[in-house]
Amino acid sequence: MSEILTLAVDCGGGGIKASVLDENGTMIAPAVRTATPYPLSPTLLVDTIADLAGHLPRADRVTVGMPGMIRHGVVIATPHYITKDGPRSKVLPELVQLWSRFDMRRSLEERLQIPTLVLNDAEVAGAGAIAGTGLEMIITLGTGLGNAVFDAGRLAPHTEISQGPIRWGLTYDDYLGEHERLRLGDAHWSRRVRRTVAALRPMYMWDRLYIGGGNGVRITPSHREHLGDDVVIVPNDAGIRGGVRAWNV
């Protein structure tokens, strides 16, 4: 039997990247990337993914990770894609309406003509990072905060920690997002990451926590060493490499 190839697409607030993976999760082609276009309608995101796919080898199935609450491939809510110019810009009511209950899985299947899996982007990254034993959690640090929980390798129902209030009227997306890292600098921002880990630990009581996303590596060494022995920093490419294992979590 021929090997199953997976098109893996990681949709972020600032960029969308994709590659094709073999059954071991190894990229068989260099990743391609484009800036996330705004304002971003569901149809435009489908077009953007299809365009990236056209620059890559033909795949047998596709895994898409995108920000927000995704249930069975349907977008319940997405925080960045309802804005005019991207994260922290004006929310457009017409985009809120277009994205609400949009069946991304079905739309991509119809466009690409291959089986499709659509998950929260942290869920895909977690699939690429977990060992598959005990209770494992991942948080991703980038434009905002992503999260996913796995129990014995099985994906748990999603919660949007990013939209939870923390202080000063801020959500975790506001508190740990890229804009705050740039404003505060890595050292002060890393202190916020430590506080967040300490706050989440008694809530989830994980066996292991993974920290990924583009900014996971920006946690300063002095703060990293105090995160705890149960915390592991993982590369940002987990959001792509998890595209294969995501079909089995």
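A donor-acceptor contact shorter than 3.5 Å links the side chain of S107 to the backbone of D103. Under the 3.5 Å distance criterion, the side-chain polar atoms of R154 are matched with a main-chain donor or acceptor of N248. At distances below 3.5 Å, at least one donor-acceptor pair connects side-chain atoms of N120 with backbone N or O atoms of G68. No donor-acceptor distance shorter than 3.5 angstrom exists from the side chain of R241 to the backbone of P235, with no hydrogens or angles considered. Formation of a donor-acceptor pair under 3.5 Å by the N236 side chain with backbone atoms of G214 is found in this model. E180 contributes no side-chain N or O that, together with a main-chain N or O of G177, makes up a donor-acceptor pair within less than 3.5 Å. At least one donor-acceptor pair closer than 3.5 Å links the side chain of S89 to the backbone N or O of G86. Panel note: side chain E136, backbone G132; a donor-acceptor pair is recorded below 3.5 Å. The main-chain N or O of R218 is never found under 3.5 Å from a side-chain atom of T220 such that the two would form a donor-acceptor pair.
The closest side-chain heavy-atom distance from T171 to S162 is not below 4.5 Å. At a threshold of 4.5 Å between non-hydrogen side-chain atoms, the residues V197 and I211 count as touching. Within the 4.5 Å cutoff, the side chain of R224 has no heavy atoms near those of the V231 side chain. Counting heavy atoms from C-beta on, the side chains of V96 and L92 never come closer than 4.5 Å. By the 4.5 Å heavy-atom criterion applied to side chains, R58 and I114 are counted as neighbours. D186 is listed as a side-chain neighbour of R181, based on a closest heavy-atom distance under 4.5 Å. Taking the side chain as every heavy atom from C-beta outward, L95 and Y81 never approach each other to under 4.5 Å. You'll find the side chain of T140 stays beyond 4.5 Å of the side chain of N147, heavy atoms only.
No hydrogens or angles considered: a donor-acceptor pair under 3.5 Å links the side chains of H158 and E160. Side-chain contact check for R105 and H72: no donor-acceptor pair (N or O, by modelled atom type) lies under 3.5 Å.
Two different hydrophobic clusters hold Y172 and I76 under the rule that ILVMFWY side chains link at heavy-atom gaps under 4.5 Å. Residues V118 and I49 fall within the same hydrophobic cluster, defined by Ile, Leu, Val, Met, Phe, Trp and Tyr side chains chained together at heavy-atom separations under 4.5 Å. V64 and I4 are assigned to two separate hydrophobic clusters, defined by single-linkage of ILVMFWY side chains at heavy-atom distances under 4.5 Å. Residue I16 is grouped with residue M104 when hydrophobic side chains (ILVMFWY) are merged at heavy-atom distances under 4.5 angstrom, including chains of intermediate members. If you chain together hydrophobic residues whose side chains sit under 4.5 Å apart, V217 and V193 never meet in one group.
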Check the pair E109 / R106 against salt bridge (Lys or Arg N to Asp or Glu O under 4.0 Å), numbers first and verdict last.
CA-CA 5 Å; E109 278 196 344; R106 185 179 67 179; over 6 Å; no
Residues R61, T6; criterion side-chain hydrogen bond (donor to acceptor under 3.5 Å, both in side chains); working and verdict:
CA-CA 5 Å; R61 63 186 184 183; T6 303; 2.8 Å; yes
Yes or no on salt bridge (Lys or Arg N to Asp or Glu O under 4.0 Å) for K90 and D85, after CA distance, side-chain angles and deciding distance?
CA-CA 7 Å; K90 181 182 178 182; D85 300 307; over 6 Å; no
Apply the test side chain to side chain contact (heavy atoms under 4.5 Å, CB included) to residues R101 and V75: give CA-CA distance (whole Å), side-chain angles for both, the deciding distance (0.1 Å), then the verdict.
CA-CA 5 Å; R101 302 285 174 174; V75 179; over 6 Å; no
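Qualifying salt bridge (Lys or Arg N to Asp or Glu O under 4.0 Å) partners for R201, counting only residues two or more places apart in sequence or in other chains: D230. D173 pairs by the side-chain hydrogen bond (donor to acceptor under 3.5 Å, both in side chains) definition with Q163, not counting sequence neighbours. Annotation: salt bridge (Lys or Arg N to Asp or Glu O under 4.0 Å) contacts of D151 (sequence neighbours excluded): none.
If you chain together ILVMFWY residues whose side-chain heavy atoms come under 4.5 Å of each other, F150 ends up grouped with L117, L119, V124, I130, I138, L155, Y210, V232, V234, W247, V249.
Classification of the F102-W99 ring pair by plane angle, with boundaries at 30° and 60°, yields perpendicular.
Every pair tested for side chain to side chain donor-acceptor pair (under 3.5 Å) that includes a residue from residues 7-31 fails, sequence neighbours excluded, so the list is empty. Within the structure, the side chain to side chain donor-acceptor pair (under 3.5 Å) test picks out the following pairs touching residues 32-57 (sequence neighbours left out): D47-R111.
When the options R192, R194, R195 are evaluated for a side chain to side chain donor-acceptor pair (under 3.5 Å) with H223, the one that passes is R194.
Sparse packing is recorded around CD of Q97, with 12 or fewer heavy atoms of other residues, nucleotides or ligands lying under 6.0 Å away. Annotation: R245, atom CZ; neighbour count of heavy atoms from other residues, nucleotides and ligands within 6.0 Å is above 12.
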